[in-house]
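Presented below is the structure to which this report refers.
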Number of protein chains: 2
Amino acid sequence: MRHSAKPSVAKSSAAKPRRRASRAATPKRYHHGDLRRVLIEAALQLVGEGGAEAVSVREAARRAGVSPGAPFRHFPSRDALIQAVAEEAQRGFRAEIEAALRGAPVGDPLGRFRCLGLAYLRWAMRNPTHFEIISSRRLFDHDRAAAISKDNAELIALTEQTLAEASAAGQLRSADLKQVQIAGRALVYGFARMNIDGHFPRWGVAGPEAERTAEAVLDLFIEGIAKRP
Amino acid sequence: MRHSAKPSVAKSSAAKPRRRASRAATPKRYHHGDLRRVLIEAALQLVGEGGAEAVSVREAARRAGVSPGAPFRHFPSRDALIQAVAEEAQRGFRAEIEAALRGAPVGDPLGRFRCLGLAYLRWAMRNPTHFEIISSRRLFDHDRAAAISKDNAELIALTEQTLAEASAAGQLRSADLKQVQIAGRALVYGFARMNIDGHFPRWGVAGPEAERTAEAVLDLFIEGIAKRP
DNA sequence: CAATCCGAGTAATCGGTGCTTACATTCACA
DNA sequence: TGTGAATGTAAGCACCGATTACTCGGATTG
């Protein structure tokens with residue numbers, strides 16, 4: 001926020017300095033001990049409260065009980081802080097995808113493709129702020145975040161490969177795999193963003209219902225691309 | 001932007017006051033004449049340059065050649081300015097949709113549905129900043145923008161009705177029209193947002209190619225929901 | 001034509017923001 | 001036990017949105 005649209009989030013849970021677990025307890029130290037970690041958590045909290053643009057370095061510092069300049073010892077800029085949050089989120093996302101893939105059917109590529117889509121949607125619905133922060137290019141410089149770009153490229157390659165296997169197994173109707181892949185991505189991305197952007201209330205999709213709708217929509221798409229007798 | 005990430009857009013095309021067309025020309029007047037209009041245009045320009053969050057009242061005023069406080073005579077807040085921009089964008093969007101619908105086949109509901117999707121995608125691809133500003137709920141209060149909400153509801157009802165006609169004509173495979181509608185919306189919305197959010201470069205979709213890809217992806221979806229022999 | 005009303009501009013100011021610099025404190029290792 | 005590096009604070013810059021008191025000048029009147 002710029003300033004006065006958020007007039008006073010302030011002064012609530014500030015001033016609770018932590019220290020290394022291996023040290024004796026003294027309630028107030030000059031050195032924080034784990035400020036970087038706490039700042040990331042505070043930023044994540046701020047994302048959840050008002051969107052990624054609402055992350056303010058000062059407010060994060062305030063919540064960490066530290067002076068406004070302190071965060072810049074750990075992050076060269078606000079963007080770098082947000083990028084760190086994004087890397088955190090990306091790790092969680094990747095873990096979810098890989099877990100889902102481990103539980104996917106082995107001899108059924110299209111079924112694996114469905115699992116991928118389902119994991120994508122489920123994670124996005126349950127962690128909308130995390131999803132938002134890794135999805136929009138404007139929030140930070142994706143080119144600098146090598147880990148995130150690499151992760152994304154690998155996941156894209158993974159779906160590509162899965163689709164290719166499905167095609168080779170004769171499970172697909174269309175021959176243009178690239179179009180199928182982009183369409184699938186647009187579908188899940190669009191669904192996840194509709195959730196973030198607050199479209200679902202006017203579509204009559206309530207919160208808890210959204211995850212089931214997500215699955216139904218994904219199945220609709222997959223039936224659409226599958227070869228039928 | 002918050003401040004120094006955009007250090008000096010300034011001082012370029014400022015100080016060109018306009019006046020009512022029906023008046024004689026005097027190059028500098030105390031009263032601007034059409035400040036509201038010029039501010040909306042400047043804001044639209046700013047959206048195009050740095051995203052909707054980069055719209056700054058001061059910069060808009062600067063480009064209109066007017067003092068920083070002047071815009072608040074026309075808009076009670078920054079959000080109100082952005083909302084005015086959004087209403088402008090929504091008018092253009094609606095006009096595009098209606099034009100496409102006039103040129104759509106009459107006896108072919110699914111064909112009309114395709115026309116709707118195509119118009120949506122084409123407008124979104126050609127006016128990404130306009131699309132962005134009406135798509136995200138966080139940028140302004142949609143509930144206050146009655147015109148936009150009404151427009152949206154009407155367009156949603158239109159696609160619903162078109163789908164119902166297609167279903168009645170036996171053109172659809174699935175019986176759950178609501179899911180088909182949401183899936184279609186997620187597809188086109190996701191595609192449009194992928195464009196805005198800068199995803200296409202890493203998908204190997206270049207700029208001019210995007211519009212053709214959009215059409216192909218839409219056709220893939222429609223074939224997927226259509227009843228086949 | 002002159003007086004005046006009031007819409008629409010200016011100038012100054014406030015608090016909030018990202019970020020930088022100079023300084024202070026503490027930790028960890030020699 | 002010192003001492004340098006790491007990490008905090010304090011102060012201040014430029015910018016932002018928003019408010020207030022003022023001032024200008026176009027249009028409406030008598």
Side-chain angles (χ1 to χ4, degrees), chain A residues 1-11 14-15 17-20 22-24 26 28-39 43 46 50 52-83 139-140, chain B residues 1-11 14-15 17-20 22-24 26 28-39 43 46 50 52-83 139-140:
Chain A
M1 279 306 122
R2 256 153 184 99
H3 89 289
S4 64
K6 179 179 49 175
S8 59
V9 188
K11 274 141 200 162
R18 302 177 187 184
R19 74 204 56 81
R20 299 209 188 95
S22 64
R23 292 279 169 193
T26 35
K28 179 66 179 176
R29 322 236 307 210
Y30 186 87
H31 282 68
H32 186 287
D34 198 11
L35 183 54
R36 185 188 160 89
R37 173 89 248 132
V38 174
L39 286 173
L46 287 171
E53 303 284 345
V55 175
S56 122
V57 176
R58 287 182 112 90
E59 180 61 22
R62 213 171 287 134
R63 296 188 179 197
V66 106
S67 77
F72 292 95
R73 290 285 172 198
H74 298 271
F75 305 98
S77 70
R78 172 181 177 271
D79 279 9
L81 169 60
I82 294 186
Q83 177 171 325
L139 299 181
F140 63 97
Chain B
M1 278 308 122
R2 257 151 183 101
H3 90 291
S4 65
K6 181 178 51 175
S8 60
V9 189
K11 276 141 198 165
R18 303 178 186 184
R19 73 206 55 83
R20 298 205 190 98
S22 63
R23 290 284 169 192
T26 35
K28 180 67 180 173
R29 323 237 306 212
Y30 185 86
H31 283 67
H32 186 288
D34 198 10
L35 184 54
R36 185 188 160 90
R37 172 90 247 130
V38 174
L39 285 173
L46 287 171
E53 304 284 344
V55 174
S56 123
V57 176
R58 288 181 111 92
E59 180 61 24
R62 213 171 287 136
R63 296 188 180 196
V66 107
S67 77
F72 291 94
R73 291 282 169 203
H74 299 269
F75 305 97
S77 70
R78 172 181 176 273
D79 278 9
L81 169 59
I82 293 185
Q83 177 171 326
L139 298 181
F140 63 98

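Within every chain, numbering begins at 1; the chains are lettered A, B, ... in the order of the sequence lines, protein sequences first and strands thereafter.
Across the protein-nucleic acid pair, D34(B) atom CG and dG9(C) atom P stand 10 Å apart, rounded to whole Å. Regarding L39(B), its CG atom lies at a distance of 12 Å from the C1' atom of dA8(C), rounded to whole Å. Spacing between atom CZ of R62(B) and atom P of dT10(C) amounts to 13 Å, rounded to whole angstrom units. Rounded to whole angstrom, the span from the CG atom of L81(B) across to the P atom of dC16(D) amounts to 14 Å. Between F75(B) atom CZ and dG9(C) atom C1' there is a gap of 15 Å when expressed in whole angstrom units. Atom-to-atom, CG of L35(A) to C1' of dG8(D) comes out at 9 Å; the value is rounded to the nearest Å. For the pair F72(B) CZ and dG9(C) P, the interatomic distance rounds to 14 Å; values are reported in whole Å. Nucleotide dC16(D) holds its C1' atom 13 Å from the CG atom of L46(B), rounded to whole Å.
Across dT17(C), dG8(D), dG17(D), the shortest atom-to-atom separation from the side chain of H74(A) is found for dG8(D).
Here the CZ atom belonging to R62(A) is positioned 11.5 Å from the OG atom belonging to S67(A), to the nearest 0.5 angstrom. Atom CZ of R73(A) is separated from atom CG of L35(A) by 11.5 Å, given to the nearest 0.5 angstrom. L81(B) contributes atom CG, which lies 5.0 Å from atom CZ of F75(B) (distance to the nearest 0.5 angstrom).
For S56(B) and dC15(D), the shortest distance from a side-chain N or O to OP1 or OP2 is not below 4.0 Å.
In this structure, V66(A) and P71(A) approach most closely via the heavy-atom pair CG1-CD, 4.2 Å. The two residues P68(B) and V57(B) have their closest heavy-atom pair at O-CG1, 4.4 Å. Scanning both residues, V38(A) and A64(A), for their nearest heavy atoms gives CG1-CB, 3.8 Å.
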For nucleotides 11-13 of chain C, print each protein N/O atom paired with a nucleotide N/O atom at under 3.5 Å, atom names and distance only.
none

Please assess R78(B) against I82(B) for the test side chain to side chain contact (heavy atoms under 4.5 Å, CB included), listing each intermediate value before the final yes or no. CA-CA 6 Å; R78(B) 172 181 176 273; I82(B) 293 185; 3.7 Å; yes
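Where R73(B) and V57(B) each meet DNA chain D at their nearest nucleotide, the meeting point lying more 5' is that of V57(B).
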